[in-house]
**Student:** 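I'd like to ask you about the structure that follows.
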Amino acid sequence: QSRDAGKSWQDRSHGLTNRRIRALVVDERDGSQAWAATEGGGIFRTRDGGAQWQESSRGLVDMVVRTLAPDRSAPGRLLAGTWHGNYWSDDRGENWQTDPDGLYDVDVVALALDPADPRRVYAATNPRGVFLSEDSGRTWRAGRQPLTEVIQCIAADPQNRGHLYAGTRAGVFRSTDYGQSFSKAGLQWSNAAWTLVFDNITNPATLYYGGEGGVLKTTNGGAGRNVK
């Protein structure tokens, strides 16, 4: 944890019996509460800013948790992607459930909420591409032309409705139709992408890429020369 914008850090791992952290979610209404997704240890929760962590995995069958996301349309609801499907919690992570008829028995590696409609959720899976839910993760549908590359991250465009970026081992791909189809997002984005982040504070048109090509920045979706 850092309290000085990253200049110094403190270890806040007490109680984490598994420290292979794949994702962190901080409660937007109470910054002292957070959840950690682990690789093989399930989900942990802190209520005191990370001073203590407790396991919060009741109902999870798969302890390999790839990603977490808050449901901004329903306070207290969380979504989790695991090695074998999607789970959700309606009680701040105390209990988790899944639907065998939903996004089940598939590796869910990343989740992204649509900034324009928090009920709209994207799930990146391997090897079945990107799925879309319009009811906060209760039901899902696959894209019309699934992305076949190995996906490692996704990011929803905060300014352009229906625009989604997917970071893969073959670079960055862009969808302009809610994940129904994808095309390559610029020739300079050819290396494996590990993370994609929009600057939602100062310039929502800015997208950062982090991966095997270092850190790149674009303000026009990766097109042309405006990539650094």
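If you read the sequence from its start, that first residue is 1, and numbering goes on from there.
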**Student:** Test your reading of the model: is there a side-chain donor-acceptor pair from Arg45 to the backbone of Arg92, 3.5 Å cut-off?
**Tutor:** yes
**Student:** For the residue pair Asp91 and Asn95, confirm or rule out a side-chain donor-acceptor distance under 3.5 Å.
**Tutor:**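 On atom types as modelled, these side chains qualify, holding a pair under 3.5 Å.
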**Student:** Does a side chain donor of either Thr125 or Asp107 reach within less than 3.5 Å of an acceptor in the other side chain?
**Tutor:** no
**Student:** Tell me whether Arg144 at atom CZ has more than 12 heavy atoms from other residues, nucleotides or ligands lying less than 6.0 Å away.
**Tutor:**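 Counting other residues, nucleotides and ligands, CZ of Arg144 exceeds 12 neighbours.
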**Student:** Could you check whether Thr206 and Thr219, counting side-chain N and O atoms only, form a donor-acceptor pair closer than 3.5 Å?
**Tutor:**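 Distance-only check fails for Thr219 and Thr206.
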**Student:** Strictly below 4.0 Å, N to O, side chains only: are Arg19 and Asp11 in salt-bridge contact?
**Tutor:**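 Answer for the salt bridge query: yes.
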**Student:** Heavy-atom distance under 4.5 Å between the side chains of Thr67 and Val109, does that happen here?
**Tutor:** no
**Student:** Is Arg47 paired with Glu94 through a side-chain N to carboxylate O contact shorter than 4.0 Å?
**Tutor:** yes
**Student:** Using a strict cut-off of less than 4.0 Å between a Lys/Arg side-chain nitrogen and an Asp/Glu carboxylate oxygen, indicate whether Glu28 and Arg72 qualify as a salt bridge.
**Tutor:**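 Looking at Arg72 together with Glu28, the answer is yes, because their closest N to O distance falls below 4.0 Å.
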**Student:** Got a donor-acceptor contact below 3.5 angstrom from the Asp157 side chain to the Asn160 backbone?
**Tutor:** yes
**Student:** With side chain to side chain contact (heavy atoms under 4.5 Å, CB included) as the test, pick out the partner of Tyr87 among Val108, Val65, Val61.
**Tutor:** Val61
**Student:** Below 4.0 angstrom, N of the basic side chain to O of the carboxylate: do Glu134 and Arg141 qualify?
**Tutor:** yes
**Student:** Within this structure, what is the OG1-CZ distance for the pair Thr168 and Phe182, rounded to the nearest 0.5 Å?
**Tutor:** 10.5 Å
**Student:** Which heavy atom in Ala123 sits nearest to a heavy atom in Leu103, and how many Å separate them?
**Tutor:** CB-CD2, 3.6 Å
**Student:** Between Arg119 and Asp135, does any side-chain N to carboxylate O distance fall below 4.0 Å?
**Tutor:**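 The answer is no: the pair does not qualify as a salt bridge.
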**Student:** Would you give the length of the straight line joining atom OG of Ser32 to atom CG of Asp48, rounded to the nearest 0.5 angstrom?
**Tutor:** 7.5 Å
